[in-house]
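Values below: every heavy atom of this structure, side chains too, minus hydrogens, waters and symmetry copies.
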Amino acid sequence: MRRLVLFDIDGTLLVSAHAGRRALRVAFEDEYGDLSFFDSVRLDGKTDPQIIAELHSAAGRPERNTPEVIARLLDRYVAALELEIADHAHLVHPCPGVPELLDALAERPDVVTGLLTGNIVPGARLKLGAARIDFGRFVVGAFGSDSAHRPDLPLIAATRAAPLFGRAPHGDEVVIIGDTPADVACGAGIAARAVAVATGSYSVAELVSTGAHATFATLADTTAVLEAILT
C-alpha cells in the first residue's frame with residue numbers, strides 16, 4: 001500500500017524558540033497598545049488565520065476579524081518572522097530524529113511525504129529553512145493559507161496528492177504526524193491515521209489519551225516510527 005505521510009511543522013519537525021509568537025506580537029503592535037491578552041490564547045495546533053481571529057476576540061474586538069484585517073496582519077507577521085528568524089536562527093533546529101526519519105521516508109517508493117500545518121506558506125518556508133529542512137522535499141502540502149479551519153487541511157492535501165495515487169488517498173493510506181490533539185483529530189474526515197509525538201507542549205500521556213495510532217516521546221527511534229507509519 002502506498003502512503004501519504006503528512007507532517008506538522010512546529011513542535012513536530014522543528015523547534016522555533018517561539019519565533020512565531022514574537023512575530024505575532026510585533027504584527028499586533030500597530031493594532032493595540034496593550035498586548036496582555038496574548039497570554040490568554042494558546043497557539044499550538046491552530047492555523048495562523050485562526051490564531052489572529054482568536055487574538056482579536058481575546059482583545060475584545062471580534063469585529064476586526066475581517067478578511068482584509070487578517071490579511072494585513074498576516075503580511076506584518078511574515079515580515080516580522082523573517083527578522084525574528086534572522087536574529088535567532090541559531091535557536092531554530094529540527095526535533096530529535098527528524099532528519100533521519102525524513103531521509104528514511106525519502107528512500108521508500110511507497111511513501112509520498114508532505115506537510116499539513118497551520119502555518120501559512122511563507123511562514124512554513126521561513127521556519128523550515130532556518131531549521132535546515134528543505135521545503136522542496138515535501139511533495140504536497142496543506143497550509144493555513146488554504147483554510148483557517150484545520151480539519152479542512154487533510155482533504156486538501158489528499159486531493160493534491162491524487163495525481164500521484166490515481167485518486168485522493170484516504171483511510172490508512174494517509175498518516176498525519178503531529179504534536180497536538182488537533183493534529184490527531186483533524187484527519188477524522190478522511191479516516192486518516194495519526195502518529196503523535198511529544199516534542200511540543202503536550203505530554204506523552206496527554207497524547208495517548210487522544211487515541212492516536214501510536215505515540216512517541218520523540219521521533220528519534222527511526223525504525224519504530226517507520227513501523228508505526230507503515231503498519
Could you report the tightest heavy-atom contact between A27 and Y77, atom names first, then the distance? CB-N, 3.7 Å
Atom NE2 of H88: over 12 foreign heavy atoms under 6.0 Å: yes
Work out which heavy atom in F143 is nearest to a heavy atom in A124; give both atom names and the distance. CE2-CB, 4.1 Å
Might you work through the side chain to side chain contact (heavy atoms under 4.5 Å, CB included) test for T210 and Y202, ending with a clear yes or no? CA-CA 11 Å; T210 66; Y202 288 87; over 6 Å; no
Would the distance check show the side chain of E206 and the main-chain N or O of S203 forming a donor-acceptor pair, the cut-off being under 3.5 Å? yes
Before accepting this row, confirm whether a basic side-chain N of the pair E31/R64 lies closer than 4.0 Å to the acidic partner's carboxylate O. yes
Decide whether a cation-pi geometry holds between R72 and F28; the criteria are a distance under 6.0 Å from NZ or CZ to the six-membered ring centre and an angle within 45° of the ring axis. no
Who passes ring-ring contact (aromatic ring centres under 6.0 Å, His included) against F37, sequence neighbours left out? Y32
E227, CD atom: more than 12 neighbouring heavy atoms under 6.0 Å: no
Tell me, do F7 and I176 make a side-chain contact under 4.5 Å, heavy atoms counted? no
Can you tell me if T47 uses its side chain to pair, donor with acceptor, with the backbone of G144 under 3.5 Å? no
dist S16:OG -> L91:CG (nearest 0.5 Å) comes out at 10.0 Å
Validation row: L74, D48 side chains within 4.5 angstrom (heavy atoms): yes
Stepwise side chain to side chain contact (heavy atoms under 4.5 Å, CB included) test for V111 and L230: CA-CA 9 Å; V111 169; L230 299 172; 3.9 Å; yes
When you compare the side chain of L24 with that of V26, does any pair of heavy atoms fall below 4.5 Å? no
Nearest-0.5 Å distance that lies between atom CG in L105 and atom CD in E100: 12.0 Å
So does E173 pair up with R3, basic N to acidic O under 4.0 Å? no
With a 3.5 Å distance limit and no angle check, can you tell me whether R21 reaches the backbone of A19 through a side-chain donor-acceptor pair? no
Mind checking whether V41 and K46 have side chains closer than 4.5 Å, heavy atoms only? yes
Under a 3.5 Å distance rule, please check whether R2 uses its side chain to pair with a backbone N or O of L164 as donor and acceptor. yes
Any donor-acceptor pair under 3.5 Å from T12 side chain to I9 backbone: no
Yes or no on side chain to side chain contact (heavy atoms under 4.5 Å, CB included) for R42 and S201, after CA distance, side-chain angles and deciding distance? CA-CA 10 Å; R42 186 163 188 162; S201 300; 3.3 Å; yes
I need the T113 OG1 to R108 CZ distance, nearest 0.5 Å. 10.5 Å
Quick check: is I70 connected to F38 through a chain of hydrophobic side chains (ILVMFWY, heavy atoms under 4.5 Å apart)? yes
Between V197 and V175, is there a shared hydrophobic cluster once you connect ILVMFWY residues whose side-chain heavy atoms come closer than 4.5 Å? yes
For the pair T215 (side chain) and V204 (backbone), establish whether a donor and an acceptor sit closer than 3.5 Å, ignoring hydrogens and angles. no
Within the structure provided, determine whether C95 and L13 are in side-chain contact (heavy-atom separation under 4.5 Å). no
Flag the pair R137 and D103 as a salt bridge only when some basic side-chain nitrogen lies within less than 4.0 angstrom of an acidic carboxylate oxygen. yes
Of all the heavy-atom pairs spanning P62 and S57, show the shortest one and how long it is. CB-OG, 3.8 Å
Indicate yes or no for a side-chain donor-acceptor contact from R22 to the backbone of E84 under 3.5 Å, with no hydrogens or angles considered. no
Looking only at heavy atoms, the pair that brings L6 and V174 closest together is CD1-CG1, 3.9 Å
Does any non-hydrogen side-chain atom of L128 lie less than 4.5 Å from one of L14? yes
Value for CD (E68) from CG (L73), rounded to nearest 0.5 Å, stands at 12.0 Å
Quick one, E29 and L35 - any side-chain contact, counting heavy atoms below 4.5 Å? yes
Distance-only donor-acceptor pairs under 3.5 Å for side chains of residues 116-123, two or more places apart:
unit_1: T117; atom_1: OG1; unit_2: N119; atom_2: N; d: 3.0
unit_1: T117; atom_1: OG1; unit_2: N119; atom_2: ND2; d: 2.9
unit_1: N119; atom_1: OD1; unit_2: K127; atom_2: NZ; d: 2.9
unit_1: N119; atom_1: ND2; unit_2: D10; atom_2: OD2; d: 2.8

Would you say F135 ends up clustered with I133 if hydrophobic residues are merged whenever their side chains have heavy atoms under 4.5 Å apart, either directly or through other cluster members? yes
Any link between V112 and L155 through a network of hydrophobic side chains (Ile, Leu, Val, Met, Phe, Trp, Tyr) touching at under 4.5 Å? yes
Can you see which heavy atom on D8 is nearest to which on G178, and at what distance? CB-CA, 3.9 Å
Go through T222 and L226 one step at a time and tell me if the side chain to side chain contact (heavy atoms under 4.5 Å, CB included) criterion holds. CA-CA 6 Å; T222 303; L226 280 175; 4.0 Å; yes
Euclidean distance, E107 CD relative to L102 CG, rounded to 0.5 Å: 11.5 Å
Under 3.5 Å, which donor-acceptor pairs do the side chains of residues 183-193 form with other protein atoms, sequence neighbours left out?
unit_1: D183; atom_1: OD1; unit_2: R150; atom_2: NE; d: 3.4
unit_1: D183; atom_1: OD1; unit_2: R150; atom_2: NH2; d: 2.5
unit_1: D183; atom_1: OD2; unit_2: D179; atom_2: N; d: 3.0
unit_1: D183; atom_1: OD2; unit_2: T180; atom_2: N; d: 3.0
unit_1: D183; atom_1: OD2; unit_2: T180; atom_2: OG1; d: 2.9
unit_1: R193; atom_1: NH1; unit_2: H213; atom_2: NE2; d: 3.1
unit_1: R193; atom_1: NH1; unit_2: A228; atom_2: O; d: 3.0
unit_1: R193; atom_1: NH1; unit_2: T231; atom_2: O; d: 3.1
unit_1: R193; atom_1: NH2; unit_2: I229; atom_2: O; d: 2.6
unit_1: R193; atom_1: NH2; unit_2: T231; atom_2: O; d: 3.4

Looking only at heavy atoms, what is the nearest atom pair of E63 and T66, with distance? O-CG2, 3.6 Å
Do D146 and L153 make a side-chain contact, defined as non-hydrogen atoms from C-beta onward lying under 4.5 Å apart? yes
same_hphob_cluster(L81, V15) at 4.5 Å side-chain heavy-atom cutoff: no
